[in-house]
Asks: 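If you scroll down you'll find the structure; I have some questions about it.
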There are 2 protein chains.
Amino acid sequence: MARETVADMPEWCTVEVAMSVLGGKWKMLIVKYLLDGACRFGALQRALPGITHRMLSRQLRELEADGIVARRAYAQVPPKVEYSLTPIGAQLCGVSSALEEWGGRYRRAASAAAPAAGRAAGGAPEPGGTSGD
Amino acid sequence: MARETVADMPEWCTVEVAMSVLGGKWKMLIVKYLLDGACRFGALQRALPGITHRMLSRQLRELEADGIVARRAYAQVPPKVEYSLTPIGAQLCGVSSALEEWGGRYRRAASAAAPAAGRAAGGAPEPGGTSGD
DNA sequence: CAGGATCCTGTGCGATACTG
DNA sequence: CAGTATCGCACAGGATCCTG
């Protein structure tokens, strides 16, 4: 068992609940994209550069099991499946934008501190500098 | 190499930037706790139920390298080290609260859908139910 | 009290190939 | 076009012991 403990976690760690559902490399990205509107499997894959067919499929199924996304399959000859956010999934809008805003701010700071080297080897984004917005 | 690509990622995925820094099981929890104010290693460990000495140490060092937390060591005989958030780290406040809010809402929904079984085996939090805020 | 080193394990994530 | 099965690696996360 890994993270089937949503309703099982103590009161104090609601963020842990959220992270357990949105954790991983792709979940948030998928959600963020679906916030723009429902779309097909193929469209999603095209939208997530780097994700494999298998991974997208798996993440989608997990999100579905978690009640975040809804799956609508059309009984056609060329299979067509549309994914969309459930109401609770749509409410991730706030999380997504907060993450986006901070991410942008952080990257800006990181770029300012290490214009040509990312931050791999200690290039921390200058704590007391560019972050003053 | 895993995630030393902060300043290296394309424009569209700021959330990926954020997730790469805050991903993992503990980062967000540590940040969330530090948002309450600076505190010592021991206090943090006591505050994070389940985290090991080693893990906390490692996560803290990673967060420090990422410029999220600041470390202040006192040259005393019983070593005393205080951790706090850097300015950019403190700005995670919004992310943290968004996550908390959604997490709470999600758990509420999950509990409503599966009052006695979590959601391990398909207990998704009723898409069209309690989520109507 | 803080933190590093070593060892071990589960699983997240990915490449490829096959099915309907 | 969408989904699944198998295989495999690398890494996140953890237990334990050792140092200043």
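Note that these values count all heavy atoms, side chains included, but never hydrogens, waters or copies made by symmetry. Chain letters run A, B, ... following the sequence lines, proteins first and then strands; every chain starts at 1. All values reported here derive from a predicted model rather than from experimental measurement.
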Asks: Return the value, rounded to whole Å, for the distance between atom CG of A/L48 and atom C1' of C/dG14.
Replies: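 These atoms are roughly 15 Å apart.
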
Asks: Does the side chain of B/L56 reach to within under 4.5 Å of the side chain of B/I30, using non-hydrogen atoms?
Replies: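 Result yes, sub-4.5 Å side-chain heavy-atom pair found.
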
Asks: Ignoring hydrogens and geometry, is there a side-chain-to-backbone donor-acceptor pair from A/T86 to A/A70 under 3.5 Å?
Replies: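 Side chain of A/T86 to backbone of A/A70: no pair is present.
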
Asks: Within this structure, what is the CD1-to-C1' distance between B/I51 and D/dT16, rounded to whole angstrom?
Replies: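 The answer, rounded to whole Å, is 17 Å.
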
Asks: Specify the residues of residues 52-61 of chain B, ordered by number, for which at least one heavy atom lies under 4.0 angstrom from an atom of DNA chain D.
Replies: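 Per residue number, the list reads B/T52, B/R54, B/M55, B/R58, B/Q59.
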
Asks: Apply side-chain contact (heavy atoms from CB on, under 4.5 Å) to B/R54 and list each qualifying residue two or more places apart in sequence or on a separate chain.
Replies: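 B/R54: side-chain contact (heavy atoms from CB on, under 4.5 Å) contacts with B/T52, B/R58.
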
Asks: Do B/R71 and B/L60 come close enough that some side-chain heavy atom pair is under 4.5 Å?
Replies: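 Sidechains of B/L60 and B/R71: no contact.
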
Asks: Give the rounded distance in Å between these two atoms: CD of A/Q76 and P of D/dG3.
Replies: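 It works out to 13 Å between those atoms.
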
Asks: Just jot down the side-chain contact (heavy atoms from CB on, under 4.5 Å) partners of A/Y33, sequence neighbours excluded, or say none.
Replies: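 Per chain and number, A/Y33 pairs via side-chain contact (heavy atoms from CB on, under 4.5 Å) with A/C39, A/L44, A/A47.
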
Asks: Heavy atoms, side chains only, cut-off 4.5 Å: are A/L34 and A/V69 in contact?
Replies: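 In contact.
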
Asks: D/dA2, C/dC13, C/dA2: which one has an atom nearest the side-chain heavy atoms of B/Y83?
Replies: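 It is C/dA2.
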
Asks: For A/W26, give me all partners under ring pair (Phe, Tyr, Trp, His ring centres under 6.0 Å), at least two apart in sequence or on another chain.
Replies: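 Partners of A/W26 under the ring pair (Phe, Tyr, Trp, His ring centres under 6.0 Å) test: none.
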
Asks: For residues 50-86 of chain B, which residue pairs pass the ring pair (Phe, Tyr, Trp, His ring centres under 6.0 Å) check, not counting sequence neighbours?
Replies: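 Residue pairs passing ring pair (Phe, Tyr, Trp, His ring centres under 6.0 Å), neighbours aside: B/F41-B/H53.
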
Asks: With a 4.0 Å limit, can you tell me whether A/W26 has a side-chain N or O closer than that to the phosphate oxygens OP1/OP2 of C/dG14?
Replies: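 It does, given that an N or O in the side chain of A/W26 lies less than 4.0 Å from OP1 or OP2 of C/dG14.
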
Asks: If I take atom CG in residue A/L44 and atom P in nucleotide D/dC1, what distance separates them, rounded to the nearest angstrom?
Replies: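 Going from A/L44 (CG) to D/dC1 (P), I get 14 Å.
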
Asks: Rounding to 10°, can you tell me the angle the first-five-pair axis of the helix from C/dC1-D/dG20 to C/dG20-D/dC1 makes with its last-five-pair axis?
Replies: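 The angle separating the two end axes equals 40°.
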
Asks: Can you tell me the distance, in whole Å, between the CZ atom of A/R40 and the P atom of D/dG3?
Replies: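 From A/R40 CZ to D/dG3 P: 10 Å.
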
Asks: Could you check how far NZ of A/K80 sits from C1' of D/dG3, rounded to whole Å?
Replies: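 Taking NZ of A/K80 and C1' of D/dG3, I get 18 Å after rounding.
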
Asks: I'd like to know if A/E62 pairs up with A/K27 as an ion pair, taking the criterion as any Lys NZ or Arg NE/NH1/NH2 lying under 4.0 Å from an Asp or Glu carboxylate oxygen.
Replies: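 Salt bridge: yes.
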
Asks: Does OP1 or OP2 of D/dG14 have a side-chain N or O of B/K25 closer than 4.0 Å?
Replies: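 Yes, such a contact exists.
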
Asks: For nucleotides 18-20 of chain C, which of its nitrogen or oxygen atoms have a protein nitrogen or oxygen under 3.5 Å away, and what is each distance?
Replies:
none

Asks: Send over the distance from B/L63 CG to D/dA12 C1', rounded to a whole Å.
Replies: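 Distance, rounded to whole Å: 14 Å.
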
Asks: Would you call A/E100-A/K32 a salt bridge at under 4.0 Å N-O?
Replies: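 Yes, charged N to carboxylate O under 4.0 Å.
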
Asks: When the distance from CD of B/E64 to C1' of C/dG3 is rounded to whole Å, what number comes out?
Replies: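 Nearest whole value for this atom pair: 12 Å.
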
Asks: For the residue pair A/T14 and B/Y106, establish whether any side-chain heavy-atom pair is separated by less than 4.5 Å.
Replies: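 No, their side chains stay 4.5 Å or more apart.
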
